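Contents: one structure, followed by commentary.
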Amino acid sequence: MTTAATSAERRARIKDIICDILEIEPADMTDTSRFKEDHEADSMGAIEILSTLERAFGVDIDQSELARMVNLDAVVAVVDEAVAAK
């Protein structure tokens, strides 16, 4: 499996997890749409996203990263860093 395929698959899985938790349609989420401002996410949703991503990818993500996790691109970056550090 290539790194690009792995990265694309991880991104798709992350998007599915976020859409499920925030109860939004995948088509309504862009790479840069902001969870709080554009999708009315709250802090409990953000914590649920973080803990679900930790379980899904077998990584630890510090809660301080929540401040960075404002859109899909940012969440993918945080997860990629956590996976690389594993």
Side-chain angles (χ1 to χ4, degrees):
M1 185 179 297
T2 67
T3 304
T6 304
S7 180
E9 289 168 8
R10 182 182 305 141
R11 182 180 197 86
R13 187 158 178 217
I14 291 168
K15 184 172 182 174
D16 287 344
I17 288 168
I18 295 168
C19 288
D20 186 51
I21 291 170
L22 299 183
E23 298 179 350
I24 58 175
E25 292 298 319
D28 293 337
M29 179 188 295
T30 67
D31 292 343
T32 57
S33 61
R34 298 174 67 83
F35 302 145
K36 185 175 181 182
E37 293 83 350
D38 300 326
H39 302 297
E40 301 177 12
D42 59 17
S43 58
M44 290 305 295
I47 292 169
E48 187 177 350
I49 289 167
L50 184 133
S51 64
T52 302
L53 291 171
E54 286 181 325
R55 288 191 306 274
F57 297 102
V59 295
D60 290 319
I61 301 170
D62 193 280
Q63 284 202 359
S64 66
E65 295 291 351
L66 284 171
R68 285 179 54 202
M69 297 169 64
V70 297
N71 60 35
L72 181 60
D73 280 347
V75 173
V76 170
V78 169
V79 172
D80 285 349
E81 290 166 15
V83 168
K86 185 170 82 164

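Sequential numbering from 1 along the given sequence is applied to the chain's residues. Only heavy atoms go into these numbers, but all of them, side chains included; no hydrogens, no water, no symmetry mates. Nothing here was measured: the structure is a model prediction, and the numbers come from that model.
- For the pair Asp62 (side chain) and Glu65 (backbone), a donor-acceptor distance under 3.5 Å is absent.
- A donor-acceptor contact shorter than 3.5 Å is absent between the side chain of Lys15 and the backbone of Leu72.
- Checking each of Leu66, Ile61, Ile18 against Ile49 for a side chain to side chain contact (heavy atoms under 4.5 Å, CB included) leaves exactly one that passes, namely Ile18.
- Heavy-atom contacts from other residues, nucleotides or ligands closer than 6.0 Å to CD of Glu37 number more than 12.
- The shortest non-hydrogen separation linking Met69 to Ala74 is CA-CB, 4.3 Å.
- Applying the 6.0 Å contact sphere to CD of Glu54 captures more than 12 heavy atoms from other residues, nucleotides or ligands.
- For the residue pair Cys19 and Met29, the shortest heavy atom distance occurs at SG-CE, 3.7 Å.
- Judged by distance alone, with hydrogens and angles left aside, the side-chain atoms of Asp38 form a donor-acceptor pair with the main-chain N or O of Arg34 at under 3.5 Å.
- In terms of heavy atoms, Ile17 sits closest to Ala56 at CD1-CB, 3.8 Å.
- Contacts of Asp31 classified as salt bridge (charged side-chain N to carboxylate O under 4.0 Å, His left out), with partners at least two apart in sequence or in another chain: Arg11.
- For the residue pair Ala41 and Leu22, the shortest heavy atom distance occurs at CB-CD2, 3.5 Å.
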task = Would you sort out whether Val76 and Arg10 count as a side chain to side chain contact (heavy atoms under 4.5 Å, CB included), showing the intermediate values?
result = CA-CA 8 Å; Val76 170; Arg10 182 182 305 141; 5.9 Å; no
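- One distance of note links OG1 of Thr52 with CG of Asp16; it measures 12.5 Å at 0.5 Å rounding.
- Transitive grouping of hydrophobic side chains (ILVMFWY, heavy atoms separated by less than 4.5 Å) keeps Ile47 and Val70 in distinct clusters.
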task = Just do the side chain to side chain contact (heavy atoms under 4.5 Å, CB included) check on Arg68 and Val75 with the steps written out, would you?
result = CA-CA 8 Å; Arg68 285 179 54 202; Val75 173; over 6 Å; no
Test side chain to side chain contact (heavy atoms under 4.5 Å, CB included) applied to Arg13 and Phe57, step by step = CA-CA 10 Å; Arg13 187 158 178 217; Phe57 297 102; 4.1 Å; yes
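- In this structure, the separation between CD1 on Ile21 and CE on Met44 is 11.0 Å, given to the nearest 0.5 Å.
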